[in-house]
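Step one of this worksheet: look at the structure below.
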Amino acid sequence: MKQGIAALTIGVALAGAAQAECYADYKAKQDNPLRLHYGVMALPDTACTKGAAAGVIAPRLAREGWTLLNVLSIFGPEGLAERKASAGAYFLSF
């Protein structure tokens, strides 16, 4: 019985970790003419550090002609609402 409860507890904990949501806010630019933007992007669970996030964000932006300047922060879903207005058209758009 104790083993069953322990297994269930571990299973629930792992399921919760697999569903963790990870987001980053960043700054990017385009040249000729110079354009800047602030954006928010959803990340895979494997990219929830600034370094790993940069490796995901930079290629996504590059496909649209943008260059990543920096990753500002990594946060969970609780930080989305406060960043939505600032990101505008670049809120979860890449």
Side-chain angles (χ1 to χ4, degrees):
M1 176 81 165
K2 287 183 181 180
Q3 289 176 341
I5 292 172
L8 180 61
T9 302
I10 290 170
V12 169
L14 291 175
Q19 295 174 4
E21 294 181 58
C22 180
Y23 301 89
D25 57 348
Y26 64 89
K27 291 184 180 179
K29 72 169 187 160
Q30 280 184 333
D31 292 319
N32 297 322
L34 178 64
R35 294 175 49 198
L36 302 171
H37 88 247
Y38 164 80
V40 173
M41 189 179 294
L43 300 171
D45 291 341
T46 57
C48 291
T49 65
K50 283 186 177 183
V56 171
I57 295 170
R60 286 187 195 173
L61 292 172
R63 287 192 293 265
E64 300 295 325
W66 292 94
T67 301
L68 175 66
L69 295 173
N70 63 332
V71 176
L72 301 171
S73 64
I74 305 295
F75 55 93
E78 69 283 349
L80 286 173
E82 68 190 67
R83 292 170 172 89
K84 187 173 183 175
S86 295
Y90 300 104
F91 182 77
L92 304 178
S93 64
F94 289 97

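Each residue takes its place number in the sequence, starting with 1. Keep in mind it's a predicted model, so treat the numbers as computed, not measured.
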(message) If hydrophobic residues (ILVMFWY) are linked whenever their side-chain heavy atoms come closer than 4.5 Å, directly or via other members, who joins Leu69 in its cluster?
(response) Leu34, Leu36

(message) Under the rule for salt bridge (Lys or Arg N to Asp or Glu O under 4.0 Å), what residues qualify as partners of Lys29, not counting sequence neighbours?
(response) Asp31

(request) Identify the heavy atoms of Pro59 and Ala54 that sit nearest to each other, and give their distance. (result) CD-O, 4.1 Å

(request) Just jot down the side-chain contact (heavy atoms from CB on, under 4.5 Å) partners of Ala52, sequence neighbours excluded, or say none. (result) Ala47, Thr49

(request) Give every residue pair that meets the disulfide (SG to SG under 2.5 Å) criterion with at least one member in residues 52-91, sequence neighbours excluded. (result) none

(request) With sequence neighbours left out, write down each residue that passes side-chain contact (heavy atoms from CB on, under 4.5 Å) with Glu64, or none if nothing qualifies. (result) Trp66, Phe94

(message) Does anything in residues 40-94 form a disulfide (SG to SG under 2.5 Å)? List the pairs, not counting sequence neighbours.
(response) Cys22-Cys48

(message) Can you confirm whether Tyr26 sits close enough to His37 that some side-chain heavy atom of one is under 4.5 Å from a side-chain heavy atom of the other?
(response) yes

(request) If a pair satisfies disulfide (SG to SG under 2.5 Å) and one of its residues is in residues 64-94, list it, with sequence neighbours excluded. (result) none

(message) My understanding is that only residues two or more places apart in sequence, or in another chain, count here; which of them pass side-chain contact (heavy atoms from CB on, under 4.5 Å) with Pro33?
(response) none

(request) To the nearest 0.5 angstrom, please state how far the CG atom of Leu61 sits from the CD atom of Gln30. (result) 9.5 Å

(request) Could you list all the salt bridge (Lys or Arg N to Asp or Glu O under 4.0 Å) pairs where at least one residue sits in residues 66-91, not counting sequence neighbours? (result) Asp25-Arg83

(request) Output the rest of the hydrophobic cluster of Val40: all Ile, Leu, Val, Met, Phe, Trp and Tyr residues reachable through side-chain heavy-atom contacts under 4.5 Å, sorted by chain and number. (result) Tyr23, Tyr38, Leu72, Phe75, Leu80, Phe91, Leu92

(request) Please collect all disulfide (SG to SG under 2.5 Å) contacts where either partner lies in residues 65-94, sequence neighbours excluded, each pair once. (result) none

(message) Looking at every non-hydrogen atom in both residues, tell me the closest pair between Leu43 and Ala53 and how far apart they are.
(response) CD1-CB, 3.6 Å

(request) Can you sort out the partners of Ala58 under side-chain contact (heavy atoms from CB on, under 4.5 Å), two or more places apart, ordered by chain and number? (result) Leu68

(message) On a heavy-atom basis, which atom in Pro44 and which in Arg60 lie closest, and how many Å separate them?
(response) CD-NH2, 4.0 Å

